[in-house]
Protein chains: 2
Amino acid sequence: MTGPDTRPDTRPDEDADPDSPEGRGGAAVVIPAAPPGSGRTGLDRRRVLGAAIEFIDAEGLNALTMRRLGAYLGVEAMALYRYVPGREQLLDGVVESVIDELYGDPDVHLAASHGWQDYLQRLAHGVRRIALAHPEVFPLVATRPPAAPWVRPPLRSLRWVESFLDALIDSGFSEASAVAAYRAYSSFLLGHLLLEVSQKGVKISPEDQPEGVPGAVATTDLSEYPTVVRLEALLSLDESAAEFEEALENLLGRLEVVLREGRTPRRGDTRG
Amino acid sequence: MTGPDTRPDTRPDEDADPDSPEGRGGAAVVIPAAPPGSGRTGLDRRRVLGAAIEFIDAEGLNALTMRRLGAYLGVEAMALYRYVPGREQLLDGVVESVIDELYGDPDVHLAASHGWQDYLQRLAHGVRRIALAHPEVFPLVATRPPAAPWVRPPLRSLRWVESFLDALIDSGFSEASAVAAYRAYSSFLLGHLLLEVSQKGVKISPEDQPEGVPGAVATTDLSEYPTVVRLEALLSLDESAAEFEEALENLLGRLEVVLREGRTPRRGDTRG
DNA sequence: ACCTGAACACCGTTCAAGT
DNA sequence: ACCTGAACACCGTTCAAGT
C-alpha cells in the first residue's frame, strides 16, 4: 500500500496551528466562527489562505499585498494578522495549501496496488495538475526555502517523502536507491514543471508591447542568430505534455534498472 | 525577525554625511563626479548592476531595495533611475549580467573541437559554477519570465541557444532533435541547480530557532514518519555534485542514442 | 550632466481602541 | 472575540531644483 497514510483524517486544516497565541485551553467548544450559513463573514485561517490562492491565480503574485487581500475578503488588512503571523508566513501557508491539494486528488490517492511505477506516474501527474492549475503559485512552490534539506520542492511535505520512500522500499529498492530515486524524481518534476508554467505564463506577460514607434528597439537584432531564426517554428512548439511523459518514462526506466540490477545505468548501456 | 535590519546604514564607504548639522565647511572636498582615474565614483549601468549582484550575494534578495542599493553605492536611490528604468528592470539586468558571466568563462568558451558531448558538459558545468557562486540570485534566473518562450532558463540568452543548436546540428542531429535536446537540457539544469542552491541556502535560513520554550512545537511530530526518521542520515547527505554528473551523463547518453539511431530511447531499451 | 530633496501613493506591522 | 483607526517606518517612483 502506497498512499500516504491513508484515511486518518489527515486533513491539513485544523490542528497543527502552533502559533495560537495563548488561550486555547477553553473548555467550551470554541467553534471558531463559521455561523450556520457559512456566509462570507467568519474569517478563518483556511479561508484566508484560500483567498490568497484565488487572488494570486487571478492577479498574479506581485499583486498580493496584505491590504489588497484584506479588501478582497471584505476586511481591513490588520484583521488578517489574527490568522497569519505575517506576509512571509502567509506565502508559506499558500505553498502548503496548494501542495495539500494533492491529498484530495483521487487519481493520486488510489490504492497503489499497481506497483511503484504506477504510483510514481500518478504522483507526478498529480503534481503537474496542481502546477498547471496554479501557474502563478508554482514558482513559490519551487523557490521557498524548504523546512528541511530533505523536504524538497516540489513535494515539500514529509508525508509525501515518507510515502514515496515506503513505496520504493516495499517494492524492493534498497534504502540508498530509494533516496537517490527521490532526489532524481524531485529534480525532474521541478525542472520540467517550472519551465512548463513559465512557458505558459509568457504568453500573457509581454506587458507593454510598444506599437508603432518606428525607430524603436524592435526586440533584438535577430540576424546574429540565424539558427534560432530558422528553427523558430520548431522552437515555438509547445510539446510540454509529451516531453513530460517521455522524461518521466525515462526516469522510471532508469529506476527499473537500478532495482533489477542493483546499480546505476551508465552511458553505454543502451547499446544492444 | 527577517532580513538584515542592520539599521545603521550598511554603507561600506565612509560617512556620507547622514545628518551632521551643517558643518562641512570645506567646499573643495566634494568631488562628486568621475575624475580621470575611473575612481569609485562615476556611476554607470554596469557598476549599478554589479553592485546589485554583490548586494544580493551578501544580504539576500529580499534586502535589495532601491534605497539600500543607492546607499551601498554612496548615492541617493533616485540617482539609480538614470541607469535603470525601475526595480523590475534592475532585476532583469541582474539576471542578464549573471548569465553573461558565462561568456567570460574560459572553461566554457574553449574551441568546441572535442565534440558536442564535451561542449554540453562544459556548458553545464559553467552554469553550475555560476549558480553556486550566486545562490541568492539563481532563483531569479530560474523564475523571471523569459523574453521569448524559446529562451529558457537557465541559459536565458539567444546567443547560448544559437550556439547550443549549432553545436548539435553540426554534429549530425536533426533540427527537431536538437530542439528537443535543448529542452531536455534546460529542464535538467534548471531542476538540478535550483534544488542544489536551495539545499545550500537552507543551512543558513533556519531563521529564529526557538530555544528552550518547553512545550513548544518542536518542529513536527516525526513519529508519523518512521521511514524518514530511519533514513535521516541518508537523506541528509549532500550528493549534489555526484548526482549532477550522473544525471548529466545520463542525458548525454540519451542524446547519443537519438543521434545514432534517430529515435528516442524507450523504457525497455536498457535490457540486453 | 548628474545628483538631491521633497513629495506622493502604497507597503507591512503594531497597538490601543471600538463593538 | 474579532475587527478597525491611527500611526510608524519603510518602499518605489516623480519631478522640480540644485550644482
Side-chain angles (χ1 to χ4, degrees), chain A residues 17 19-35 39-45 47-48 51-52 55 59 61-93, chain B residues 1-11 13 16-20 22 24 26-35 38-45 47-48 51-52 55 59 61-93:
Chain A
D17 185 9
D19 351 78
S20 43
E22 46 213 322
R24 116 138 9 171
V29 191
V30 183
I31 307 184
R40 35 171 283 82
T41 247
L43 237 36
D44 169 317
R45 182 176 154 94
R47 196 195 299 271
V48 168
F55 192 95
E59 311 282 339
L61 187 54
N62 287 341
L64 183 77
T65 69
M66 298 299 278
R67 290 166 126 109
R68 291 208 266 238
L69 180 57
Y72 183 75
L73 282 160
V75 100
E76 300 297 315
M78 307 77 197
L80 302 175
Y81 287 84
R82 222 150 246 285
Y83 307 99
V84 120
R87 185 177 192 265
E88 290 299 294
Q89 295 90 337
L90 207 213
L91 296 181
D92 286 338
Chain B
M1 67 102 75
T2 349
D5 276 356
T6 51
R7 278 269 307 109
D9 14 85
T10 50
R11 250 177 301 246
D13 49 323
D17 180 82
D19 33 14
S20 67
E22 54 186 306
R24 114 162 357 191
V29 198
V30 186
I31 311 183
S38 81
R40 34 168 286 79
T41 247
L43 238 34
D44 170 315
R45 183 178 154 91
R47 198 197 295 272
V48 169
F55 192 94
E59 311 282 340
L61 186 55
N62 287 341
L64 183 77
T65 68
M66 297 300 277
R67 289 164 126 111
R68 291 207 268 237
L69 180 57
Y72 182 75
L73 282 161
V75 98
E76 298 298 315
M78 306 78 197
L80 303 175
Y81 286 83
R82 227 156 239 284
Y83 306 100
V84 121
R87 185 177 193 266
E88 290 299 294
Q89 294 90 337
L90 208 213
L91 296 182
D92 286 338

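Chain naming here is simple, since letters A, B, ... match the order of the sequence lines and numbering starts at 1 in each.
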In whole angstroms, how far is the P atom of D:dT4 from the CD atom of A:Glu76?
5 Å
For A:Ala77, check side chain to side chain contact (heavy atoms under 4.5 Å, CB included) against everything at least two apart and list the hits.
A:Met66, A:Arg67
Determine, stepwise, if the pair B:Leu90 / B:Leu80 fulfils side chain to side chain contact (heavy atoms under 4.5 Å, CB included).
CA-CA 9 Å; B:Leu90 208 213; B:Leu80 303 175; 5.9 Å; no
Would B:Leu43 and B:Val75 count as a side chain to side chain contact (heavy atoms under 4.5 Å, CB included) here? Give the steps.
CA-CA 9 Å; B:Leu43 238 34; B:Val75 98; 4.1 Å; yes
Spacing of A:Leu73 atom CG relative to D:dC2 atom P, expressed in whole Å
16 Å
Under 3.5 Å, which N/O atoms of the protein pair with N/O atoms of nucleotides 12-14 of chain D?
residue, atom, partner, partner atom, Å
D:dG12, OP1, B:Met66, N, 3.2
D:dG12, OP1, B:Arg87, NE, 3.3
D:dG12, OP2, B:Met66, N, 3.0
D:dG12, N7, B:Arg67, NH1, 2.3
D:dG12, O6, B:Arg67, NH1, 3.0
D:dT13, OP2, B:Tyr81, OH, 2.8
D:dT13, OP2, B:Arg87, N, 2.8
D:dT13, O5', B:Tyr81, OH, 3.3

Atom of A:Leu64, atom of A:Arg87 and distance for their closest heavy-atom approach:
O-NH2, 2.9 Å
Separation of B:Leu80 atom CG from C:dC2 atom P, in whole Å?
14 Å
Can you tell me which stems DNA chain D forms when a stem means 3 or more consecutive Watson-Crick or G-U pairs under 3.5 Å?
C:4-8 with D:12-16, C:12-16 with D:4-8
If you compare every side-chain N and O of B:Tyr83 against the phosphate oxygens of C:dC3 (OP1, OP2), does one of them come in below 4.0 Å?
yes
Considering residues at least two apart in sequence or located in another chain, which fulfil the ring-ring contact (aromatic ring centres under 6.0 Å, His included) criterion with A:Tyr83?
none
Side chain to side chain contact (heavy atoms under 4.5 Å, CB included) with A:Glu76: which residues, sequence neighbours excluded?
A:Met78
B:Glu88: which residues meet the side-chain hydrogen bond (donor to acceptor under 3.5 Å, both in side chains) condition with it, sequence neighbours left out?
B:Arg144
Nearest-Å distance, CZ (A:Arg82) to P (D:dT4)?
11 Å
For A:Ala63, enumerate each residue passing the side chain to side chain contact (heavy atoms under 4.5 Å, CB included) test, keeping only those at least two apart in sequence or located in another chain.
A:Phe55, A:Glu59, A:Arg68
